[in-house]
Participant: 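This is the structure, below, for whatever I ask next.
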Amino acid sequence: MADSKSLTPRAQDFSAWYNELIMRAELADYSPVRGCMVIRPNGYAIWEQMQRALDDAFKATGHQNAYFPLFIPQSFLSKEAEHVEGFAPELAVVTHGGGKELEEPLVVRPTSETIIYAMFSKWIQSWRDLPMLMNQWANVVRWEMRTRLFLRTTEFLWQEGHTAHATEAEAEEETLMILGLYRRFMEEWMAMPIVTGPKTAAEKFAGALRTYSCEAMMQDNKALQAGTSHNLGQNFAKAFDVTFQTADGGLAHVWNTSWGVSTRLVGGLIMTHGDDNGMVCPPRLAQWQVVIVPIWRKDEEREATFAAAADLQQQLRSAGIRVTTDLRDMKPGAKYYEWEARGAPFRLELGPRDIAAGTAMLARRLGGKEPIPMEGIVARLQDEMATMQQALFDAAVARREAASLRGPKSKEEFIAFLEGNGGFVYAGWCGDPAVEAEIKEQTKATIRCLPDPEFRSPVTPTTCIWTGRPAVAEALWARAY
RNA sequence: CGGGGCGUAGCGCAGUCCGGUAGCGCGUCCGCUUUGGGAGCGGAAGGUCCCGGGUUCGAAUCCCGGCGCCCCGACCA
């Protein structure tokens, strides 16, 4: 750290800034177990807000929560060839239990397709049982070689949705519906703009027919895969014999989907909005949207300001604003710095002068401080929150567009852009996986997705940026987390 | 698994070259004074110097052997 009071500036060392911010805001801490993290109350509160919003959205679209076991028989993983190949290197395997070696090792779930579809095969008999729409909130384990707080840890928290449908079209519709749901959540709650679209074969989920992803750009111009939605086709249905009797008396395999977002989103939130003073949390996800800081000099003032603060808190709380009052015996300035580092959107300072004037001093996390009248303060704060939520989103979109290159004229320009400050490059691709691999090898950039129509460039590229051959799609290239 | 760095108080470090029984800053606790942007003074607590062995009258320091962590590369939400 530059000194004990300020964070390393983003421009100087983005990675150090990120780690220091997490420690300063007390979002998480390193655990005694390599590669694992402890999510501290301040960080977990953000995850809980995310969970609530997403869970409501899943329920509103007909999904139910369930819980499947942490341990999966090792043989289950092997049933889908591509799936096992994709996950084998990062599995944690339990070989002993109760002091004895197990007859069959148990895998600690890296994801739950296998055990869930094994159960689906019991529960689904008829077309009347479809669609089956389920979600679970769980922890998963993937033995990563290199980890980073929130972004990649050996154990992480997520939700995984799993559905079964009668037709391929219904499965595709579900996959895309969830992609849209994720997009709305990321834009409207996280104020984090994303680009959606299908992954290439090389980047898709092991075992999926197609993977669609949400790609966000962080402040260091690197891409973050923020969520994925998979159309699994009938791959798992065939491996786990998930069949149903059709309306016309036939027998068919179901069509599955799976989709997930994880605690990685907290990392995305930090790297989208955080500044050199610390965390910046969008009001809709903030644990405390407003923090009241009472100010006093003498004991009499102390009592008066505490009473006024209690009244104010009650008023805001009953209006549905998440508010807390910082009564600790510290210098007010110290409290300001602390709440700013934690990302609290708004602070209301309340002292004798304010009380006498019938005002409170409003300080915005994004900057600016002014007295506002107590009269109508609820409406004023709600308005301020909406403004901030929108301002964060607009700023993130502007930052992303400023760091995006559409239609590079040449391979050289393409490479130079990626090797400079980086960002998103939109360019034509011939569809050859070998070219994709070669570009990754040379530039460390991967195809994040083939952007959906609304994210594509006004001028459609006709040739591949690398080979000059006819382009099959416009691809979004970037270096990624 | 390769390359580099590091293990000393809760955190950050000095002390190691040249052996003499452990210190600084921040934080923590108590008291008084303070409190509108990171308070001041006084007092106090807190250490298997990563582990094991060896050399020595004596080891944080020297020797041998382990272990762990961080950073950079190969896998990934």
Side-chain angles (χ1 to χ4, degrees), chain A residues 1-6 13 15-16 19-20 23-24 26 29-36 85-91 110-111 138-160 182 199 202-206 208 211 213-216 223-230 258-268 277-278 293-299 301-302 305-306 326-341 347-357 359-363 369 371 440-441 444 446 448 480-481:
Chain A
M1 236 173 261
D3 62 65
S4 60
K5 286 178 178 169
S6 60
D13 185 342
S15 190
N19 290 330
E20 289 170 16
M23 293 301 159
R24 179 67 59 84
E26 297 180 347
D29 205 348
Y30 295 99
S31 90
V33 181
R34 177 192 169 80
C36 293
E85 191 186 337
F87 281 103
E90 51 190 70
L91 292 179
T111 177
N139 58 336
V140 287
V141 167
R142 298 179 186 177
W143 216 262
E144 301 291 350
M145 300 189 194
R146 254 184 97 189
T147 57
R148 296 202 61 190
L149 294 174
F150 287 113
L151 300 177
R152 178 169 300 103
T153 46
T154 295
E155 178 188 11
F156 59 93
L157 305 183
W158 76 348
Q159 58 70 214
E160 49 180 323
Y182 282 161
K199 287 284 193 185
E203 298 285 332
K204 75 176 176 64
F205 175 71
T211 290
S213 81
C214 302
E215 298 288 332
L224 182 78
Q225 179 174 302
T228 47
S229 185
H230 315 289
S258 71
W259 26 274
V261 295
S262 72
T263 38
R264 169 179 258 200
L265 289 178
V266 178
N277 296 320
V293 179
I295 291 162
W296 71 91
R297 283 176 192 277
K298 314 183 194 90
D299 283 347
E301 289 175 347
R302 180 180 166 128
T305 53
F306 274 29
D326 191 341
L327 298 172
R328 292 175 299 172
D329 188 9
M330 288 164 57
K331 299 276 282 188
K335 295 181 184 177
Y336 303 164
Y337 282 103
E338 186 174 308
W339 288 108
E340 281 164 14
R347 181 175 75 236
L348 285 174
E349 303 166 19
L350 196 60
R353 293 205 296 265
D354 305 291
I355 294 168
T359 61
M361 187 64 78
L362 173 74
K369 189 162 158 171
K440 181 179 180 181
E441 172 72 25
K444 304 222 191 296
T446 50
R448 304 316 305 157
Y481 276 98

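Letters A, B, ... are given to chains in the order of the sequence lines, protein chains preceding strands, and every chain is numbered from 1.
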Participant: Atom CH2 of A:Trp296 to atom P of B:G37: distance rounded to whole Å?
Facilitator: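 In whole Å, B:G37 P lies 14 Å from A:Trp296 CH2.
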Participant: At less than 3.5 Å, do the side-chain atoms of A:Glu338 and the base atoms of B:G37 form a donor-acceptor pair?
Facilitator: no
Participant: Between B:G38 atom C1' and A:Tyr336 atom OH, what is the distance in whole Å?
Facilitator: 12 Å
Participant: So what does A:Arg302 hit on the nucleic acid, given a heavy-atom distance under 4.0 Å: a base, only sugar-phosphate, or nothing?
Facilitator: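 The answer is nothing, as A:Arg302 stays clear of every strand by at least 4.0 Å.
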Participant: With heavy atoms under 4.0 Å as the rule, sort A:Thr153 into base, sugar-phosphate or nothing.
Facilitator: base
Participant: Please name the nucleotide paired to B:C29 by Watson-Crick or G-U wobble geometry with both distances under 3.5 Å, or report none.
Facilitator: B:G43
Participant: In the structure shown, which nucleotide is the Watson-Crick or G-U wobble counterpart of B:G12, with both distances under 3.5 Å?
Facilitator: B:C24
Participant: How far does the P atom of B:U55 sit from the matching atom of B:A9, given to the nearest Å?
Facilitator: 29 Å
Participant: Base, sugar-phosphate, or nothing for A:Leu151, non-hydrogen atoms under 4.0 angstrom?
Facilitator: base
Participant: Contact class for A:Pro332 (heavy atom, under 4.0 Å): base, sugar-phosphate, or nothing?
Facilitator: sugar-phosphate
Participant: Tell me which nucleotide, if any, is Watson-Crick or G-U wobble paired with B:G65 when both distances must be under 3.5 Å.
Facilitator: B:C51
Participant: Return the value, rounded to whole Å, for the distance between atom CE of A:Met361 and atom C1' of B:G36.
Facilitator: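 Rounded to the whole Å, the gap is 8 Å.
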Participant: Distance check, P atoms only: B:G66 and B:U56, in whole angstrom units.
Facilitator: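 The answer is 23 Å between these two P atoms.
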Participant: For A:Leu350 and A:Thr228, take the nucleotide of RNA chain B holding the closest heavy atom to each; which residue's nucleotide lies nearer the 5' end?
Facilitator: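 Counting from the 5' end, the first nearest nucleotide belongs to A:Leu350.
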Participant: For A:Tyr481 and for A:Tyr30, find the nucleotide of RNA chain B with the closest heavy atom, then tell me which residue's nucleotide is more 5'.
Facilitator: A:Tyr30
Participant: Any base atoms under 4.0 Å from A:Glu340, or only sugar-phosphate, or nothing? Heavy atoms, all strands.
Facilitator: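 Base, at least one base heavy atom under 4.0 Å.
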Participant: Just one of A:Lys369, A:Glu349, A:Arg347 clears the side-chain hydrogen bond (donor to acceptor under 3.5 Å, both in side chains) bar with A:Tyr336, so which one?
Facilitator: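 That would be A:Glu349; it is the only one of A:Lys369, A:Glu349, A:Arg347 passing the side-chain hydrogen bond (donor to acceptor under 3.5 Å, both in side chains) with A:Tyr336.
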Participant: Considering only side-chain heavy atoms of A:Met145, which listed nucleotide, B:A77, B:C75, B:G36, is closest?
Facilitator: B:C75
Participant: Just wondering, do A:Glu144 and A:Phe156 contact through their side chains at under 4.5 Å, heavy atoms?
Facilitator: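 A:Phe156 does not reach A:Glu144 side chain to side chain.
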Participant: Over how many whole Å does the gap from A:Met23 atom CE to B:C26 atom C1' extend?
Facilitator: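 From A:Met23 CE to B:C26 C1': 17 Å.
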Participant: Looking at B:G38, which nucleotide sits across from it as a Watson-Crick or G-U wobble partner, both distances under 3.5 angstrom, or is there none?
Facilitator: none
Participant: May I ask you to evaluate whether A:Arg297 reaches the phosphate of B:U35, defined as a side-chain N or O under 4.0 Å from OP1 or OP2?
Facilitator: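 Looking at the OP1 and OP2 atoms of B:U35, one of them is under 4.0 Å from a side-chain N or O of A:Arg297.
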Participant: Can you tell me the base-pairing partner of B:C18? Count Watson-Crick or G-U wobble geometry only, both distances below 3.5 Å, and say none if there is no partner.
Facilitator: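 Pair assignment: B:C18 / none.
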Participant: Is the closest side-chain heavy-atom distance between A:Thr228 and A:Phe205 below 4.5 Å?
Facilitator: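 The answer is no; the side chains never approach within 4.5 Å.
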Participant: Taking atom C1' in both B:A60 and B:G47, what distance in whole Å separates the two?
Facilitator: 11 Å
Participant: Could you tell me how far B:U8 sits from B:C49 if I compare only their C1' atoms? Round to whole Å.
Facilitator: 4 Å
Participant: What does A:Glu349 touch in the nucleic acid at a heavy-atom separation under 4.0 angstrom: a base, only the sugar-phosphate, or nothing?
Facilitator: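 Touches a base.
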Participant: Does B:U56 pair with anything, Watson-Crick or G-U wobble, both distances under 3.5 Å, and if so, with which nucleotide?
Facilitator: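 Looking at the geometry, B:U56 pairs with no nucleotide.
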Participant: Which part of the nucleic acid does A:Arg148 contact within heavy-atom distance under 4.0 Å: base, sugar-phosphate only, or nothing?
Facilitator: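 If one applies the 4.0 Å heavy-atom cut-off, A:Arg148 turns out to touch nothing in the nucleic acid.
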Participant: Please state the C1' separation for the pair B:A45 and B:G4 - nearest whole angstrom.
Facilitator: 39 Å
Participant: Return the pairing partner of B:G2 with a 3.5 Å limit on both distances, Watson-Crick or G-U wobble; otherwise return none.
Facilitator: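 When the pairing criteria are applied, B:C72 turns out to be the nucleotide that pairs with B:G2.
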Participant: Students often get this wrong, so: under 4.0 angstrom with heavy atoms, is A:Phe156 touching a base, only sugar-phosphate, or nothing?
Facilitator: base
Participant: Using the P atom on both, measure B:U48 against B:C11 and round to a whole Å.
Facilitator: 12 Å
Participant: Is A:Lys335 side chain donor-acceptor paired with the B:G36 base, going by distance under 3.5 Å alone?
Facilitator: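 Per atom types, no contact qualifies.
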Participant: May I have the distance from A:Arg328 (atom CZ) to B:G27 (atom C1'), rounded to whole angstrom?
Facilitator: 14 Å
Participant: Can you measure A:Lys331 atom NZ to B:U34 atom P for me and round it to whole angstrom units?
Facilitator: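 Rounded to the whole Å, the gap is 11 Å.
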Participant: Could you check whether A:Lys298 gets within reach of a base, just the sugar-phosphate, or nothing at all, counting any heavy atom under 4.0 Å?
Facilitator: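 Since no nucleic acid heavy atom lies under 4.0 Å of A:Lys298, the category is nothing.
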Participant: Can you find a pair of side-chain heavy atoms, one from A:His230 and one from A:Lys204, that are under 4.5 Å apart?
Facilitator: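 No, too far: nothing below the 4.5 Å cut-off.
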Participant: Please give the distance between the C1' atoms of B:C67 and B:C29 as a whole number of Å.
Facilitator: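 It comes out at 35 Å once rounded to the nearest Å.
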Participant: Of the listed nucleotides (B:G38, B:G36, B:C75), which one gets closest to any side-chain atom of A:Glu90?
Facilitator: B:C75
Participant: Which one of A:Ile295, A:Ile355, A:Leu350 satisfies the side chain to side chain contact (heavy atoms under 4.5 Å, CB included) criterion with A:Thr305?
Facilitator: A:Ile355
Participant: For residues A:Trp259 and A:Gln159, determine if any side-chain heavy atom of one lies less than 4.5 Å from a side-chain heavy atom of the other.
Facilitator: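 Heavy-atom side-chain distance check passes, below 4.5 Å.
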Participant: What I'd like to find out is whether the side chain of A:Leu151 reaches to under 4.5 Å of the side chain of A:Leu224, using heavy atoms alone.
Facilitator: yes
Participant: Just how far, in rounded Å, is P of B:G27 from CD of A:Glu26?
Facilitator: 15 Å
Participant: Using the P atom as the point on both nucleotides, what is the distance between B:C17 and B:A59, in whole Å?
Facilitator: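 Approximately 14 Å lies between the P atom of B:A59 and that of B:C17.
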Participant: Can you tell which of B:A77, B:G38, B:G36 lies closest to the side chain of A:Ile295?
Facilitator: B:G36
Participant: Round to a whole Å and report the spacing from NZ of A:Lys444 to C1' of B:G73.
Facilitator: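 For the pair A:Lys444 NZ and B:G73 C1', the rounded distance is 8 Å.
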Participant: Just wondering, are more than 12 heavy atoms of other shown residues or ligands nearer than 6.0 Å to CH2 in A:Trp158?
Facilitator: yes
